[in-house]
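Remarks on the structure that follows.
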Amino acid sequence: MTGDLLEGLAAPAMEPLAEGAVVLRGFARAEAPALLAAVAAVTAAAPLRHLITPGGLRMSVAMTNCGEAGWVSDRRGYRYDPRDPDTGRLWPAMPSVFRALAGRAAEAAGYAALAPTACLVNRYRPGARLSLHQDRDELDLDAPIVSVSLGLPATFLFGGLARSDRPRRVRLEHGDVAVWGGPSRLAFHGIDPLKDGEHPLAGRCRWNLTFRKAR
Ligand code: MD6
Ligand code: FE
């Protein structure tokens with residue numbers, strides 16, 4: 001068999017990030033068109049918005065949610081809310097293509113199949129960034145988070161359990177899926193300002209979907 005054929009058949013490369021954290025390279029690439037179509041349906045029902053942090057800053061990343069609960073931020077703090085605070089309506093249901101992918105990715109990374117209750121949808125335009133943070137607003141911190149990257153590549157900063165730990169820099173590309181839990185669940189992480197570019201499926205933007213067991 002040629003190298004090309006073997007590559008085509010091989011399981012996606014699993015790249016360890018830290019204890020409990022891996023990147024599944026290209027895991028979602030084949031499904032990307034279906035995922036992006038589902039993203040368009042979600043954003044049509046619950047429009048993207050730039051949330052305000054408790055400190056009063058407008059986030060450069062635009063966000064929305066689907067599932068039973070959505071992550072929101074305002075002057076009062078961060079929380080999961082079953083309703084979109086902009087409209088008072090429930091968040092759109094989690095598309096089945098999202099749910100299935102999250103379950104398979106968690107298993108491929110060695111975790112029990114994840115039954116996500118929440119999916120945070122992040123949209124980065126060139127220049128948008130996410131400063132170092134921990135994800136600790138979820139009720140179930142034992143469940144891993146599955147994170148799907150689509151569109152333009154980004155530099156992911158993956159630090160330690162203290163904000164001052166110097167983060168590793170990892171490039172995340174279209175179709176890559178990161179899964180992390182266990183000892184890494186509360187690691188500090190962020191995204192460098194997005195470099196400009198043009199992606200054949202996503203145009204001048206990067207999408208990130210993070211699946212959580214929020215409540
Ligand atoms: C992003 N991701 O990739 C931002 N959080 O755009 C996150 O903040 C994140 O990738 C928790 C777990 C995985 C993540
Ligand atoms: Fe996060």
Side-chain angles (χ1 to χ4, degrees), residues 11-29 31-32 35 39 61 63 65-73 78-82 91 94-122 124 130-150 154-192 206-215:
M14 183 146 111
E15 201 176 295
L17 270 184
E19 215 188 322
V22 296
V23 178
L24 306 168
R25 292 290 178 195
F27 192 84
R29 202 173 296 147
E31 286 160 274
L35 294 168
V39 165
V61 180
M63 299 180 173
N65 293 278
C66 61
E68 293 161 40
W71 185 84
V72 291
S73 173
Y78 307 131
R79 66 187 174 278
Y80 280 95
D81 197 317
W91 297 103
M94 178 122 33
S96 49
V97 62
F98 279 19
R99 188 186 305 280
L101 173 66
R104 277 192 290 113
E107 283 190 299
Y111 286 97
L114 177 69
T117 58
C119 175
L120 172 62
V121 176
N122 292 319
Y124 296 74
L130 197 58
S131 53
L132 280 184
H133 66 278
Q134 292 171 296
D135 285 37
R136 56 173 185 202
D137 303 317
E138 297 75 26
L139 215 53
D140 183 351
L141 291 176
D142 293 330
I145 293 183
V146 171
S147 165
V148 180
S149 293
L150 297 169
T155 301
F156 188 60
L157 309 173
F158 190 84
L161 296 178
R163 188 182 286 279
S164 55
D165 293 341
R166 176 201 278 273
R168 287 183 52 187
R169 302 166 62 81
V170 183
R171 189 174 156 97
L172 291 179
E173 301 203 37
H174 179 69
D176 289 347
V177 178
V179 181
W180 35 304
S184 287
R185 181 63 181 73
L186 291 175
F188 278 91
H189 59 281
I191 294 280
D192 258 0
R206 170 179 185 261
W207 294 94
N208 170 254
L209 313 173
T210 53
F211 297 94
R212 304 118 189 279
K213 218 168 148 183
R215 53 210 299 265

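In this structure, Asp165 contributes its side chain and Gly159 its backbone to no donor-acceptor pair below 3.5 Å. Looking only at distances, no side-chain donor or acceptor of Arg169 sits under 3.5 Å from a matching main-chain atom of Thr155. Judged purely by atom type and a 3.5 angstrom limit, His133 uses its side chain to pair as donor or acceptor with the backbone of His189. The backbone N or O of Val23 lies less than 3.5 Å from no partner atom in the side chain of Glu15, so there is not a single donor-acceptor pair.
Remark: Glu138 engages Arg185, Arg212 in a salt bridge (charged side-chain N to carboxylate O under 4.0 Å, His left out) (not counting sequence neighbours). Not counting sequence neighbours, the partners of Arg171 by the side chain to side chain donor-acceptor pair (under 3.5 Å) test are Glu173.
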CA sep, side-chain torsions, deciding dist, call: Arg25, Leu172, side chain to side chain contact (heavy atoms under 4.5 Å, CB included): CA-CA 9 Å; Arg25 292 290 178 195; Leu172 291 179; 4.3 Å; yes

Check against side chain to side chain contact (heavy atoms under 4.5 Å, CB included), Tyr124 and Asn208: CA-CA 8 Å; Tyr124 296 74; Asn208 170 254; 4.2 Å; yes

Side chain to side chain contact (heavy atoms under 4.5 Å, CB included) evaluation trace for Phe158 with Ser184: CA-CA 10 Å; Phe158 190 84; Ser184 287; 4.0 Å; yes

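Considering all non-hydrogen atoms of both residues, Val148 and Ala28 come closest at CG1-CB, 4.0 Å. The shortest non-hydrogen separation linking Arg163 to Leu132 is NH1-O, 3.1 Å. Contact record, Ala108 with Leu24: CB-CD1, 4.1 Å, taken as the closest heavy-atom pair. Scanning both residues, Leu150 and Ala32, for their nearest heavy atoms gives CD2-CB, 3.8 Å. Between Ala112 and Ala106, the shortest heavy-atom distance links the atoms O-CB, 3.7 Å. The minimum heavy-atom distance between Leu17 and Arg168, with the atom names listed, is O-NH1, 2.6 Å.
For the atom pair CD1 (Ile145) and CG (Asp135), the distance works out to 4.0 Å, reported to the nearest 0.5 Å. Summarising the geometry, atom CG belonging to Asp81 is positioned 13.5 Å from atom CD belonging to Glu68; distances are rounded to the nearest 0.5 Å. Atom CG of Leu209 and atom SG of Cys66 lie 8.0 Å apart (nearest 0.5 Å). Note that CG of Asn122 and CH2 of Trp207 are 9.5 Å apart. Values are rounded to the nearest 0.5 Å. Phe156 contributes atom CZ, which lies 5.5 Å from atom CD1 of Ile191 (distance to the nearest 0.5 angstrom). Of the inter-residue distances, the one linking Leu120 atom CG with Thr210 atom OG1 reads 4.0 Å to the nearest 0.5 angstrom.
Between Phe211 and Val177 the shortest side-chain heavy-atom distance does not fall below 4.5 Å. In this structure, Leu157 and Phe188 have side chains that are not in contact, with every pair of non-hydrogen atoms separated by 4.5 Å or more.
Among residue pairs with one or both ends in residues 105-119, none qualify as side chain to side chain donor-acceptor pair (under 3.5 Å); sequence neighbours excluded.
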